[in-house]
Amino acid sequence: MTRSRMRSAAAAAIALAVSGTALTGSGTALTGSAAAGAGAGATEHFVGTTPYGAWVVDKPGNFNGTLLLWSHGYTFTPVGAADAPSAATRDALLADGFGLAGSSYAGGGAGWAVNQGVAAGVELVNIARTKIGTSSVRRVYAWGNSLGGLITQTMAERHPDLVQGVAPLCGVLGGTNKNLDLALDVAVAVKVLFYPALKLTRYVSVAEAQANVDAAMSAIKARLADPTKTTSAVARLLGLTALTGASAKTRDFSGSGTTSAVSAAVETIQTALTYGTLGRFDIEARVGGNPSTNAYVDYRKRVNDAAVARFTGLGFSSGLLTAYGRTIQTYGARVTARASIRRRADALGNPTGRLADKTVTMHTQYDPLVLVQNEAVFYDRVKRRGSLDLLHQLWVIPPGSYPDGSPAVGTDGAPYGAGHCNLATSDYLAAVHALDGWVTSGSYAAPAQVGGLRTSLAVPPWPAH
């Protein structure tokens, strides 16, 4: 690739790249009272508050005996209670006869509130049974997205008798430590290749964590915009994402061509740094110190066939990627963590794969925040436990191409397939109905493969350590 083309690509990418990336899943309370969908009849709407959090329960007039317990994703600030990821999904499920329940968790559910979410869910099942009618509730399914997916799976493992079906969606199924360790790897690479002043752990405030993200991203964008540094900046940026297994596509950038790939990389790195700083500050406060380590990581091992194919496919040499891996290995800061702190972080959610209930997962193929590789980790753990007969995994695949700056959209107008939790209403409904059909009939029937929904995907492994 010529220097002039590289400069043009970088300039266009900076113009396209997002200025900020949210870390949240679905954590916003749905507005208004629950609407009765077609055929649902009059919906009974209950709300309340306990020490475990605000809660909401909706019972449709045509209640089918199944209660869906929703767990929301990560939020920076407290939220109200919601019992579905969106109003459209809520209304469609009510129309189908499902009862719904959801909690804000204690303190409004802000931050890495896994244990609060589990406690709130356990309590809410009993509340919902009372409100709906204990004898009427024949089945309970736990479901949630993003951090809510981790809460869902953690609840199912700790309280297997509480639910009869489980659906963690775009969930942090590799666990707290594994994901935070990988965020550390991204930060270490950014520190070596772009911004030596980046602080890696032990932020003293949210403001300090945010300032580190802002300064690092400013340094990256400045190098991309500097004509004398553009060529090396683009190569370093795309090499960094290849070595860390970062998402090649995002909600807004298809990754098709160098310009789009750079824009997607900027967005993906900002997402990882936001989690690895603001999210880290929250987690460190919960466990009493830094739980992450890269002491035993060999970054040279990240130069695998997939990373090389990705990098060379954009016009760069495999030797250059090898050099980046060697540079990060040689000059990357080494971070250690006390075993007791890592154990506390594991207690904030680390699925074992020991399944007791039928489980359906769903993930976008390209997720810049909760990497799709979480599903590969979870599959391997379930396989080791001998529980694959209780697991089905679904994938939402983006179109082959879509306009940069505009998200991929499905037939119902919702984004899908690329981006964190970018699931259409139809995807959420497919996951619920697939689980319900499996539990009630005893035989799993794959959902119709419409739009981007698929039942199989060659998921890449977790980046080597």
Side-chain angles (χ1 to χ4, degrees), residues 25-26 37-40 60 64-71 84-86 88-100 139-146 148-149 152-153 156 163-171 173 355 357-367 370 372 374-376 378-379 382 387-400 408-459:
S26 179
N64 63 16
T66 298
L67 172 69
L68 301 177
L69 176 67
W70 172 254
S71 294
S86 68
T89 304
R90 175 196 63 195
D91 292 348
L93 290 170
L94 289 173
D96 289 336
F98 291 99
L100 308 177
R139 295 169 295 276
V140 177
Y141 305 152
W143 70 314
N145 67 2
S146 191
T152 292
Q153 187 57 39
V163 298
Q164 288 72 52
V166 189
L169 312 175
C170 49
L173 297 178
L355 304 187
D357 306 291
K358 293 179 171 68
T359 303
V360 173
T361 71
M362 178 179 282
H363 219 110
T364 55
Q365 182 181 11
Y366 296 95
D367 189 329
V370 182
V372 70
N374 275 269
E375 297 287 345
F378 188 60
Y379 178 92
V382 173
S387 302
L388 285 179
D389 60 322
L390 292 174
L391 176 67
H392 283 285
Q393 294 175 296
L394 298 173
W395 320 95
V396 185
I397 311 301
V409 295
T411 55
D412 62 357
Y416 69 87
H420 179 52
C421 289
N422 252 355
L423 306 175
T425 298
S426 57
D427 298 325
Y428 283 112
L429 298 179
V432 169
H433 284 290
L435 178 62
D436 184 53
W438 189 13
V439 173
T440 56
S441 72
S443 177
Y444 181 82
Q449 292 189 1
V450 296
L453 187 62
R454 297 291 183 270
T455 56
S456 63
L457 181 70
V459 181

Nearest heavy-atom approach of A448 to L453 is O-CD2, 3.8 Å

Distance-minimising heavy-atom pair for V360 and A431: CG1-O, 4.3 Å

Residues in side-chain contact (heavy atoms from CB on, under 4.5 Å) contact with A418, at least two apart in sequence or another chain: K249, Y366, P398, Y402

Would you confirm whether E375, through its side chain, and Q393, through its main-chain N or O, come within 3.5 Å as a donor-acceptor pair? no

Rounded distance (nearest 0.5 Å) linking atom OG1 of T152 with atom CG of L169: 7.5 Å

Would you please name every residue forming a side chain to side chain donor-acceptor pair (under 3.5 Å) with Q164, sequence neighbours left out? none

Which heavy-atom pair separates P447 from A434 by the least distance, and what is that distance? CG-CB, 3.9 Å

Taking the side chain as every heavy atom from C-beta outward, state whether T361 and L394 have any pair of such atoms under 4.5 Å apart. no

Tell me every residue that passes side-chain contact (heavy atoms from CB on, under 4.5 Å) with N422, counting only those two or more places apart in sequence or in another chain. R251, T364, P415

Nearest 0.5 angstrom please: T89 OG1 to L68 CG, how far? 11.0 Å

Locate the shortest heavy-atom distance separating G165 from D357; write the atom from each residue and the value. N-CB, 4.3 Å

Between N374 and G171, which heavy-atom pair has the shortest distance, and what is it? CB-O, 3.9 Å

Any residue meeting side-chain contact (heavy atoms from CB on, under 4.5 Å) with A88, in chain and number order, not counting sequence neighbours: S86, T425

Side chain to side chain donor-acceptor pair (under 3.5 Å) partners for T66, two or more places apart: R139

Listing request: all side chain to side chain donor-acceptor pair (under 3.5 Å) pairs with a residue in residues 431-442, at least two apart in sequence or in separate chains. D96-H433, Y141-D436

Distance, nearest 0.5 Å, that separates CG of L93 from OH of Y428: 11.5 Å

d(F378 CZ, T359 OG1) to nearest 0.5 Å is 6.0 Å

So L355 and Q153, do their side chains get closer than 4.5 Å, heavy atoms only? yes

I397: which residues meet the side-chain contact (heavy atoms from CB on, under 4.5 Å) condition with it, sequence neighbours left out? Q365, W395, R454, L457

For L391 and Y379, what are the C-alpha separation, side-chain angles and deciding distance, and is it a side-chain contact (heavy atoms from CB on, under 4.5 Å)? CA-CA 8 Å; L391 176 67; Y379 178 92; 4.2 Å; yes

Hits for side chain to side chain donor-acceptor pair (under 3.5 Å) against D367, two or more places apart or cross-chain, chain-then-number order -> H363, H420

Value for NE2 (H392) from CE (M362), rounded to nearest 0.5 Å, stands at 13.5 Å

Which atoms form the tightest heavy-atom contact between A156 and V166, and what is the distance? CB-CG2, 3.6 Å

